[in-house]
Amino acid sequence: MNKSIAIINSKAPLNGAHAKESLDLALILGSFEQAPSLFFIGDGVWQLTEQNIAMTGAKDFLKTMQALSFYDIENIYVCEHSLYQRNLPNNFALDDVTVLNRTALQNQLAKFTSVLKF
Amino acid sequence: MNKSIAIINSKAPLNGAHAKESLDLALILGSFEQAPSLFFIGDGVWQLTEQNIAMTGAKDFLKTMQALSFYDIENIYVCEHSLYQRNLPNNFALDDVTVLNRTALQNQLAKFTSVLKF
Amino acid sequence: MITSSPLSNLTATSIALVKQMLMDDNIKLIGVFFYQDGVLNASASLSIPADEYQSVKQWQSIHCDYHLPLHLCITAAEKRGLSDDWQDTSNILPEFTVSGLGEFVSLYNSADQLIQL
Amino acid sequence: MITSSPLSNLTATSIALVKQMLMDDNIKLIGVFFYQDGVLNASASLSIPADEYQSVKQWQSIHCDYHLPLHLCITAAEKRGLSDDWQDTSNILPEFTVSGLGEFVSLYNSADQLIQL
Amino acid sequence: MLHLIRQSPYQQDISSELSTLISNDDDVLLIDDGVYFCQSLHFAIIQEKAKNILIVDEHLQARGITFEKADSLLPFAQIAEILVQSEKTLTWQL
Amino acid sequence: MLHLIRQSPYQQDISSELSTLISNDDDVLLIDDGVYFCQSLHFAIIQEKAKNILIVDEHLQARGITFEKADSLLPFAQIAEILVQSEKTLTWQL
């Protein structure tokens with residue numbers, strides 16, 4: 001069976017090192033031609049919104065996110081319900097983000113052989 | 001004005017070092033005759049239930065809790081709503097625990113000059 | 001009292017607030033006490049990438065410029081890998097004072113107000 | 001992959017599960033990779049009170065008794081104060097192998113299954 | 001998929017996230033602070049969706065919880081085998 | 001009392017705990033990830049109970065949030081003074 005990995009991001013961008021270290025892992029996997037698919041749920045959806053993180057003194061990892069497509073990480077899924085809870089529109093700082101309802105998200109997640117959650 | 005300190009415990013007993021370090025602080029304050037009052041809300045109410053923590057390999061800090069009264073830490077308040085949410089009875093591993101509804105708890109908390117939350 | 005980890009983004013805000021208090025003539029800050037995950041702020045071996053927030057340097061300059069006492073709860077620190085005597089050396093930044101919870105009580109007694117960050 | 005801190009009580013469970021896998025003849029565990037707060041498991045300077053859970057000793061005996069590779073993500077480790085070259089010494093336990101995320105990819109490629117703890 | 005739940009139901013909006021990620025084909029294993037689900041209204045979310053629910057007996061006992069449905073209880077010694085047998089796991093921890 | 005909220009509304013059952021601890025005499029200051037309350041249904045809990053709500057402007061901007069009620073917004077530079085002026089603070093952080 002072909003192996004495939006899904007990475008679920010569930011933390012706000014500035015909540016600890018979760019978001020940044022999850023992105024680092026995704027990029028390394030991509031650079032070894034094991035591009036993961038990325039899921040954003042809960043507070044994780046804030047990782048995809050337009051923001052000005054640098055104002056807080058933290059590194060602006062949204063810039064690093066632009067590198068995702070370079071490493072063929074092109075499957076990016078966002079939970080519709082989490083957006084709705086946060087009153088967020090379907091506008092993202094990245095292109096080609098797919099918004100999925102809960103059932104579609106579960107079906108998508110079922111396709112992978114490994115799952116990590118940060 | 002006389003100073004007085006309230007310590008709010010909101011984490012489950014085995015969730016990191018929060019519960020144990022909060023207790024350490026309370027005991028030191030007590031030993032310097034600055035006995036704090038303790039509030040238990042949310043998952044913190046689990047700190048007061050009968051349990052067998054030692055089974056997990058962790059230190060059984062309930063034993064240390066018995067020392068509270070020795071240091072004159074006798075005001076222990078528990079949130080009624082948090083107990084209700086967790087289907088817990090009003091039985092505690094400590095004596096002299098006072099269960100308060102939300103309004104009573106707010107009124108009690110208002111009496112202190114400093115508050116720490118763990 | 002600082003109880004949040006330097007890896008959390010809260011630290012940048014906490015440091016900025018400490019600086020604001022130090023620069024405000026109406027506020028007299030008598031000390032900072034580090035407890036729980038906050039003790040990691042005193043680690044001499046944190047290696048933060050150059051393009052991320054440099055909390056260590058900030059605490060150092062706060063201490064040097066304002067002589068603000070930075071107290072470290074050593075019991076909480078040792079559990080998290082800090083020690084003033086690990087293999088005959090200390091991995092605690094020299095700007096921090098090795099203290100115990102008793103020192104917190106004494107700071108608390110001298111202060112009008114206690115703020116947790 | 002271990003991503004939880006040794007200060008969390010999850011570690012006792014994680015270690016017990018690793019041991020179960022090692023002792024089960026039907027399970028072949030090829031390695032453990034430490035990432036995020038999990039890297040703190042490799043700290044040589046943690047001083048855990050004698051009456052609390054000794055995670056360090058457990059990892060050491062797992063490595064010695066079963067020769068299980070314990071890989072440490074050095075980038076995540078350095079952010080949290082671990083280094084193999086801090087003041088000419090290492091504060092990383094010798095049982096741990098200093099690695100990078102590339103090593104994780106290679107473990108992942110060799111394994112049938114990936115479990116996060 | 002097996003959901004390995006190691007955190008309390010009152011941490012990180014878990015009820016909403018569980019509804020998002022658990023499908024009807026999934027199993028749930030309550031372990032560590034995850035056993036607090038047994039005394040929470042959020043247990044209904046898991047019951048409603050998961051195919052099977054397993055609970056680590058020793059972790060319930062350590063936290064002083066008694067749970068009536070004995071057929072869900074499992075000794076800790078069997079967990080490694082269950083993890084390996086399930087083709088994949090999703091871990092819920094802080 | 002001033003509640004200094006530094007964490008997201010979706011962490012640690014905060015809505016229920018806020019209802020428990022905020023009284024009608026209390027003020028709330030949203031700072032750090034606390035500003036995410038502005039785009040959450042849980043904002044209603046604070047609005048209903050707190051006397052005054054203050055929000056750190058720069059922290060909203062850093063997270064890409066625009067908030068209509070400009071009179072609640074406060075520059076970060078004023079926060080230390082507000083903390084010291086309020087007789088006591090209760091800090092909500094992870």
Side-chain angles (χ1 to χ4, degrees), chain B residues 1-19 21-22 25 34 36-48 76-88 98-118, chain F residues 1-37 40-54 56 59 79-94:
Chain B
M1 186 171 68
N2 267 337
K3 287 204 286 190
S4 58
I5 189 163
I7 297 180
I8 303 173
N9 297 292
S10 64
K11 298 265 168 56
L14 294 171
N15 179 353
H18 289 92
E21 291 184 337
S22 171
L25 179 62
Q34 297 276 6
S37 292
L38 308 185
F39 291 75
F40 292 85
I41 68 159
D43 275 346
V45 300
W46 288 109
Q47 295 183 27
L48 293 174
I76 300 178
Y77 304 106
V78 181
C79 170
E80 185 179 42
H81 179 76
S82 305
L83 293 173
Y84 166 76
Q85 273 184 310
R86 287 161 187 81
N87 196 24
L88 285 171
T98 310
V99 177
L100 298 178
N101 67 28
R102 283 175 161 175
T103 315
L105 198 141
Q106 287 157 20
N107 292 340
Q108 195 54 249
L109 192 59
K111 293 178 184 165
F112 298 86
T113 59
S114 302
V115 183
L116 291 172
K117 181 171 182 285
F118 296 110
Chain F
M1 186 155 68
L2 174 68
H3 293 265
L4 196 66
I5 303 186
R6 309 183 82 187
Q7 66 189 65
S8 144
Y10 296 102
Q11 302 288 326
Q12 202 197 332
D13 197 24
I14 200 174
S15 56
S16 168
E17 294 187 17
L18 279 173
S19 304
T20 299
L21 295 182
I22 300 186
S23 85
N24 298 321
D25 295 328
D26 293 347
D27 296 328
V28 166
L29 172 58
L30 300 177
I31 182 169
D32 297 306
D33 280 359
V35 301
Y36 286 129
F37 267 89
S40 147
L41 297 171
H42 302 305
F43 193 68
I45 299 171
I46 302 180
Q47 265 186 315
E48 198 183 294
K49 301 202 77 185
K51 221 162 55 178
N52 294 300
I53 303 176
L54 301 169
V56 178
H59 292 185
I79 305 302
E81 212 160 338
I82 284 173
L83 291 184
V84 173
Q85 275 166 10
S86 69
E87 90 256 37
K88 70 177 163 184
T89 52
L90 196 171
T91 305
W92 298 75
Q93 63 193 7
L94 291 179

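In what follows, every chain begins at residue 1, and chains take the letters A, B, ... in the order their sequences are listed. Excluded from the calculations below are hydrogen atoms, water molecules and symmetry mates; all remaining heavy atoms, backbone and side chain alike, are included.
The shortest non-hydrogen separation linking F:Ile53 to F:Leu30 is CG2-CD1, 4.4 Å. F:Glu17 and B:Gly42 get closest at one heavy-atom pair: OE2-CA, 3.8 Å. Considering all non-hydrogen atoms of both residues, F:Asp27 and F:Lys51 come closest at OD1-CB, 3.5 Å. Shortest non-hydrogen contact noted between B:Thr113 and F:Lys88 is O-CB, 3.3 Å.
Put simply, the side chain of F:His59 gets close to the backbone of F:Asp32: a donor and an acceptor are under 3.5 Å apart. In this structure, F:Gln7 contributes its side chain and F:Gln12 its backbone to no donor-acceptor pair below 3.5 Å.
The salt bridge (charged side-chain N to carboxylate O under 4.0 Å, His left out) analysis of residues 5-16 of chain B, with sequence neighbours excluded, yields no pairs.
Heavy atoms closer than 4.5 Å to chain B are found in both the backbone and the side chain of F:Ser19. Only the side chain of B:Ile8 comes within contact range of chain F, with at least one heavy atom under 4.5 Å from a heavy atom of that chain. Looking at B:Glu80, neither its backbone nor its side chain comes within 4.5 Å of chain F, counting heavy atoms on both sides. Within the 4.5 angstrom heavy-atom criterion, only backbone atoms of F:Thr91 (N, CA, C, O) approach chain B.
With rounding to the nearest 0.5 angstrom, the CZ atom of F:Arg6 is 6.0 Å from the CD1 atom of F:Ile31. Expressed to the nearest 0.5 Å, how far CG of F:Leu21 lies from SG of B:Cys79 amounts to 7.5 Å. Expressed to the nearest 0.5 Å, how far CH2 of B:Trp46 lies from CG of B:Asn9 amounts to 16.0 Å. To the nearest 0.5 Å, atoms CG (B:Leu83) and CD1 (B:Ile41) are separated by 11.5 Å. Expressed to the nearest 0.5 Å, how far NE2 of F:His3 lies from CD1 of F:Ile22 amounts to 5.0 Å. F:Trp92 contributes atom CH2, which lies 5.5 Å from atom CD1 of F:Ile14 (distance to the nearest 0.5 angstrom).
Chosen from B:Phe118, B:Phe39, B:Phe112, the residue pairing most often with chain F at heavy-atom distances under 4.5 Å is B:Phe112.
Contacts between residues 79-87 of chain F and chain B, counted as heavy-atom pairs separated by less than 4.5 Å, involve F:Glu87. Interface with chain F: from residues 101-110 of chain B, residues B:Arg102, B:Leu105, B:Gln106, B:Leu109, B:Ala110 qualify, criterion being any non-hydrogen pair under 4.5 Å. Identified by a heavy-atom distance below 4.5 Å to chain B, the contributing residues of residues 41-50 of chain F are F:Lys49, in residue-number order.
Two residues are said to be in side-chain contact when any heavy atoms from C-beta on lie closer than 4.5 Å; B:Leu48 and B:Val78 meet this criterion. At least one side-chain heavy atom of B:His81 sits under 4.5 Å from a side-chain heavy atom of F:Ser16.
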